[in-house]
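Here is the structure we will look at.
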Number of protein chains: 2
Amino acid sequence: MEPLGSFQMLPFAKPRMVAASEIYIQQGKVFKKIFFIKKGILRSYYITESGEEKTIFFRWEGQMAAVPECIFDQEPTRQIWQALEDCELLEIDFDLVEKMSENNFTLVRTRMGFAQKMLLESLKRVESFVLDKPEMRYQKLIAQKPEIIKRVADKHIASFIGVTPVSLSRIRKRLASQKK
Amino acid sequence: MEPLGSFQMLPFAKPRMVAASEIYIQQGKVFKKIFFIKKGILRSYYITESGEEKTIFFRWEGQMAAVPECIFDQEPTRQIWQALEDCELLEIDFDLVEKMSENNFTLVRTRMGFAQKMLLESLKRVESFVLDKPEMRYQKLIAQKPEIIKRVADKHIASFIGVTPVSLSRIRKRLASQKK
DNA sequence: TAATGAAATTAGCTTTTGTTAATTTTTAAT
DNA sequence: ATTAAAAATTAACAAAAGCTAATTTCATTA
């Protein structure tokens, strides 16, 4: 979320390309990097016991991203990250971030601000799950991130808002008929 | 979430009592304090257009709490905080925290760690909304926070997991019959 | 351009949830 | 202990969502 311009780790970033549909981060890995997305969209998803893919997040160009449980708690992740378009990333080793944070006030402040931004985003999403029906979550998503929605398959949107693809299709139909 | 012991703002904290069922934070306020809960439980909730109360959060003894949009963005909140038991709080002025953060490395690190912990908690909750049905969310809640659940009315639990009180009652009945 | 495969939609049916209202149970107060 | 109020449960019905499978649409590539 934090623009890279304000991020002093830039000189240590290494470019990385991921082709559309390729897996960037594998399940079970302790992925101790943060990465800036220069171009493209990725999604992170889980595979349920019944084998379904459930998309949790989208991240796209201009955003920083990471696997929270990996960088905060050194835990292996159950998430999988997949590029939905050809992606250009800049990777930064998180151990280096930690090391530099030992005596770098500005960096720690930046990290704090970043965590706070992510927190606000996540809390908004929890609120929407508590307050809104799936239909409203979909409408808000279209209103707030129209350009992203267009670039992502509906089936991924569906689990992002907590429903099945079939149900999202019905929601779309309902909304279309209400407009007329 | 962060124990107060590790929190150097303790000397600046002011005690505050809130009786059970009383409103602690009013809607529309820019509540620029953080507070430590020495004793008791509070909930934060929204009132929907149709007048229903939707509980978003519980916070209880041993935890730090704040209204994110107030302290991060100086925005008035739509949340209401209510004490569910007689509460003993320790309030800390957030402007003071900000001022002390200007040149206090340890404090900024503590705040970063706190934001990260809250973020992990919030992300887990989003995951549960995407991956689990209400029934599973309820079961996980019982498994993970049994002592808290017992102290809180079911109708508040219901909106916390994203269903109506009637639906939670049915979920409870289903689970009870499955056990036998 | 045609063919192939994936995605989205639709249909039919089942399960769950929402809604409203009545009833029972629990809690708190007199 | 009795009463009053609130909370939880139950019931009945409508609406929405899940599930499976068939069909249509869309996108990719040979």
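Values below: every heavy atom of this structure, side chains too, minus hydrogens, waters and symmetry copies. Chain letters run A, B, ... following the sequence lines, proteins first and then strands; every chain starts at 1.
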Would you grab the first and last nucleotide of DNA chain C (5' to 3') that comes under 4.0 Å of any non-hydrogen atom in chain A? dA7(C) to dG12(C)
End axis versus end axis in the helix from dT1(C)-dA30(D) to dT30(C)-dA1(D), the angle rounded to 10°, five pairs used at each terminus: 50°
Just by protein heavy atoms under 4.0 Å, how would nucleotides 3-17 of chain D read 5' to 3' in B, S and -? ----SSBBBB----B
Could you tell me which residues satisfy side chain to side chain donor-acceptor pair (under 3.5 Å) with [X], sequence neighbours excluded, listed by chain and number?
X         : result
Gln116(A) : none
Glu53(B)  : Arg43(B)
Lys124(B) : none
Asp93(A)  : none

Answer yes or no: is there a donor N or O on one side and an acceptor on the other, between the side chain of Arg109(A) and the main chain of Ser101(B), under 3.5 Å? yes
Mind jotting down which residue pairs meet the ring-ring contact (aromatic ring centres under 6.0 Å, His included) criterion with at least one end in residues 47-68 of chain B? Sequence neighbours excluded, please. Phe58(B)-Phe160(B)
Using residues 164-173 of chain B as the side-chain source, report each donor-acceptor pair under 3.5 Å to any protein atom, sequence neighbours left out, with the distance given to one decimal.
{"residue": "Thr164(B)", "atom": "OG1", "partner": "Ser167(B)", "partner atom": "N", "Å": "3.2"}
{"residue": "Arg172(B)", "atom": "NE", "partner": "Asp154(B)", "partner atom": "OD2", "Å": "3.4"}
{"residue": "Arg172(B)", "atom": "NH1", "partner": "Tyr138(B)", "partner atom": "OH", "Å": "2.8"}

With Lys54(B) via salt bridge (charged side-chain N to carboxylate O under 4.0 Å, His left out) - residues at least two apart: none
Co-members of the apolar cluster containing Ile23(B) [side chain, <4.5 Å]: Tyr45(B), Ile47(B), Ile80(B)
Note: with side-chain heavy atoms under 4.5 Å as the link, the other cluster members for Met112(B) come out as Phe105(A), Val108(A), Met112(A), Phe105(B), Val108(B)
